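Shown next, in structure tokens, is the structure this report addresses.
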Amino acid sequence: MEQAFLAQGTSIDKGENARLSSFVGAIAIADMAKTTLGPKGMDKILQRVSEHDQSVSVTNDGATILRSVVIDNAAAKVLVDIARVQDDEVGDGTTSVAVLCGELLREAEALVGQRIHPQTISAGWRIARNLAKKALEESALDHSKGGEEALFRRDLVRIATTTLSSKLLTHEKDYFAELAVNAVMRLKGSNNLDHIQILKKAGGQLRDSYLEDGFLLDKTIGVGQPRRIENAKILIANTSMDTDKIKIYGSRVRVDSMNKVAEIEEAEKDKMRLKCEKIIAHGANVFINRQLIYNLPESIFAEAGVMAIEHADFDGVERLAAVLGGDVTSTFDHPELVTLGECDLVEEVMIGEDKVIRLGGCKSGAACTIVLRGASSHVLDEAERSLHDALCILQATVKDARTIYGGGCTETLMAQVIDREAENTPGKKALAMSAFARALRQLPAIIADNGGYDAAELVTQLRAKHAAGETTNGLDMYKGGIADMADLGVLESYKSKYHVLMSASEAAEMILRVDDIIKCAPRQREQQY
């Protein structure tokens, strides 16, 4: 009926068709991501098919995979969006949030097939979500207070180890967990991960990676300039240091002799000399510029004994300004208004066969660089993604220090609490609550499946252990059995699990309540003559 009143090119899916389309799209995306879940999860190869870009990346990071997939289904886009927000907010749990949302929708599909109204299902889910949230809060541990620094540090190492268990770095997880914790502890509670730089250098093994005190710039020092400066005063700039040519669009200069050309060139050089003198007048002995530095200014800086570093990219310049405590300047007429960056030492060092510039003893003592070594660019890219997830989750744990047990322990605990309450809840809401509990129990089942174990056997054993009061038990993925997570040291961040629970259930509820999908054709541009 509506088609008569709608513009050409607009289509509407109604009722059952709309709901089925939403369920199928979201579940398909969740099924694609779920094989990467857990310490035995598989990797995906992402290959670009653009004419100009045929690059390949190998990853099992949920957010990276979902972000790379081109999607036409509206509900599937919601799943991709919640994974992206989880990545930005916490850094880990991106696959879990998409998989839990998909499992909730799978359960909802069965309930809708039994003629239960989506609003009834949503009401039951809301009760279940509140019960799960309460159970999660009660099971959380906090060792950050009361002078328990050693225990809190141990918790951080265990969280980093758990996060890295499902990544490429799993075989060196203890080494990289210590590396990540040392880097985050240097921040002293600051939330600025910009102070931790990750520098990738191909060659060597992953084990050769290390934490470097200070900041490393993958750039070169100008010709004939000092290679080592102590007590450096650093001027950070974003200015053009090529010859100051006439840069007016469409301008021409006509001369009647070669002498006039020489005079113009000399005037340009004089202008550049004046600019260099102004820079030197700031009292800096190191000059770092975002743009190129041409030969003439380079030789002027060399004569003045100033170390000049060119082409530090924009992110590098912003990060340097934060770390060195200086300003990024573009004009040099008022030296008294410019804050110079400071560090104890600037020197050239070798990593493998490459030279880099090391800035040690920065004004921000939190600054450090993690140097990653690896066999190829693909390995390094995936190692960087893995380490970034670990750093983000550690940073989130420093802000909210509560921790919970992993290995499917908390999912089983939350499901048990919901099942217990569902028995005392009258009406069809109880069916929705039981469905919520089943969806939660699917997470340990998927983790077991991905490890090649009998998921049904392990999950029923786990339920029995929790029913017997052993609520710290979870899946031991290396022995294929049930074990105490407190003994194994499998910890996760409370904030990560809380976000997974809330985001997945809210997104699933939103998709469930859809009854129409309206696709609007773009407005046609009118032909103008």
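All values reported here derive from a predicted model rather than from experimental measurement.
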**OP:** Identify the heavy atoms of Asp419 and Ser434 that sit nearest to each other, and give their distance.
**Re:** OD1-CA, 4.1 Å

Original post:
Within the side chain of Thr120, is there an N or O that forms a donor-acceptor pair under 3.5 Å with the backbone of Ile116?
Top reply: no

Original post:
Once you round to the nearest 0.5 Å, how far does CD1 of Ile351 lie from CG of Asp208?
Top reply: 12.0 Å

Subject >> Residue list, side chain to side chain contact (heavy atoms under 4.5 Å, CB included) with Ala448, at least two apart or on another chain >> reply: Ala455, Leu458, Leu475

Original post:
Can you tell me how far the CD atom of Glu109 sits from the CG atom of Leu512, to the nearest 0.5 Å?
Top reply: 11.0 Å

Original post:
With no hydrogens and no angle check, is any side-chain donor or acceptor of Asn450 less than 3.5 Å from a backbone partner on Lys40?
Top reply: no

Original post:
Where is the tightest heavy-atom contact between Tyr498 and Lys133, given as atom of each residue plus distance?
Top reply: CE1-CD, 3.4 Å

Original post:
For Lys465, does the NZ atom have more than 12 heavy-atom neighbours from other residues, nucleotides or ligands under 6.0 Å away?
Top reply: no

Original post:
What's the verdict on side chain to side chain contact (heavy atoms under 4.5 Å, CB included) for Phe436 and Leu131, showing C-alpha distance, side-chain angles and the deciding distance?
Top reply: CA-CA 11 Å; Phe436 197 100; Leu131 289 167; over 6 Å; no

Original post:
Hey, does the side chain of Glu103 reach the backbone of Leu440 with a donor-acceptor pair shorter than 3.5 angstrom?
Top reply: no

Original post:
When you measure from the side chain of Ser209 to the backbone N and O of Leu206, does any donor-acceptor pair fall under 3.5 Å?
Top reply: yes

Original post:
Would Arg385 and Asp389 count as a salt bridge (Lys or Arg N to Asp or Glu O under 4.0 Å) if you check the C-alpha gap in whole Å, the side-chain angles of each, and the deciding distance to 0.1 Å?
Top reply: CA-CA 6 Å; Arg385 282 190 287 268; Asp389 282 1; over 6 Å; no

Subject >> Side chain proximity check, Val80 to Arg84, heavy atoms < 4.5 angstrom >> reply: no

**OP:** Decide if atom CZ of Arg463 counts as having more than 12 heavy atoms of other residues, nucleotides or ligands within a radius under 6.0 Å.
**Re:** no

Original post:
What's the shortest heavy-atom distance between Thr471 and His466, and which atoms?
Top reply: O-CE1, 3.4 Å

Subject >> Any donor-acceptor N/O pair, Ser139 side chain to Leu136 backbone, under 3.5 Å >> reply: yes

Original post:
Is His499 atom NE2 crowded by more than 12 heavy atoms from other residues, nucleotides or ligands, each under 6.0 Å away?
Top reply: yes

**OP:** May I ask you to decide if Ala140's main-chain N or O and Arg402's side chain share a donor-acceptor pair within less than 3.5 Å?
**Re:** no

Original post:
If you measure from OG1 on Thr412 to CG on Leu462, what distance do you get to the nearest 0.5 Å?
Top reply: 3.5 Å

Original post:
Is the backbone of Asp92 close enough, under 3.5 Å, to the side chain of Gln86 for a donor and an acceptor to pair up by distance?
Top reply: yes

Subject >> Basic-acidic side-chain contact under 4.0 Å: Asp81, Lys77 >> reply: no

Subject >> Closest approach of Ile511 to Ala75 (non-hydrogen atoms, all atoms of both residues) >> reply: CD1-O, 3.8 Å

Original post:
Is it true that Arg129 and Glu509 make a salt bridge, defined as a side-chain N closer than 4.0 Å to a carboxylate O?
Top reply: yes

**OP:** Compare all side-chain heavy atoms of Leu320 with those of Leu359 and state whether any distance is below 4.5 angstrom.
**Re:** yes

Original post:
OG1 of Thr403 to CG of Asp155: how many Å apart, nearest 0.5 Å?
Top reply: 4.5 Å

Original post:
Can we say Asp449 and Lys34 salt-bridge, meaning some charged N sits less than 4.0 Å from an Asp/Glu carboxylate O?
Top reply: no

Original post:
Is there side-chain contact between Ile159 and Glu492, with at least one heavy-atom pair below 4.5 Å?
Top reply: no

Original post:
Is there side-chain contact between Lys134 and Asn130, with at least one heavy-atom pair below 4.5 Å?
Top reply: no

Original post:
Which atom names give the shortest non-hydrogen contact between Val97 and Ala504, and what distance separates them?
Top reply: O-CB, 3.6 Å

Original post:
Do Thr162 side-chain atoms and Leu491 backbone N/O form a donor-acceptor pair below 3.5 Å?
Top reply: yes

**OP:** I would like to know whether Phe215 and Ile357 meet side chain to side chain contact (heavy atoms under 4.5 Å, CB included); could you show each step before the answer?
**Re:** CA-CA 8 Å; Phe215 214 75; Ile357 300 161; over 6 Å; no

Original post:
What is the distance from atom CD1 of Ile71 to atom CG of Leu66, rounded to the nearest 0.5 Å?
Top reply: 7.0 Å

Subject >> Stepwise side chain to side chain contact (heavy atoms under 4.5 Å, CB included) test for Glu212 and Val349 >> reply: CA-CA 12 Å; Glu212 174 71 63; Val349 295; 5.8 Å; no

**OP:** Kindly give the heavy-atom pair with the smallest separation between Lys429 and Ala123, and that separation in Å.
**Re:** CE-CB, 3.8 Å

Original post:
Is the backbone of Val328 close enough, under 3.5 Å, to the side chain of Asn238 for a donor and an acceptor to pair up by distance?
Top reply: no

Subject >> Thr36 side, atom OG1; Ile65 side, atom CD1 - distance, nearest 0.5 Å >> reply: 4.5 Å

Original post:
What residue among Arg441, Arg438, Lys497 forms salt bridge (charged side-chain N to carboxylate O under 4.0 Å, His left out) with Glu411?
Top reply: Lys497

Original post:
Listed by chain and number, what are the salt bridge (Lys or Arg N to Asp or Glu O under 4.0 Å) partners of Arg153, not counting sequence neighbours?
Top reply: Glu178

Subject >> Polar side chain donor-acceptor pair, Thr339 to Asp327, under 3.5 angstrom >> reply: yes

Original post:
Would you say Asp487's side chain and Asp484's backbone share a donor-acceptor pair under 3.5 angstrom?
Top reply: no

Subject >> Lys/Arg N to Asp/Glu carboxylate O, Asp213 vs Arg358, below 4.0 Å >> reply: no

**OP:** Answer yes when Arg106 and Asp31 have at least one side-chain N-carboxylate O distance shorter than 4.0 Å, and no when they do not.
**Re:** yes

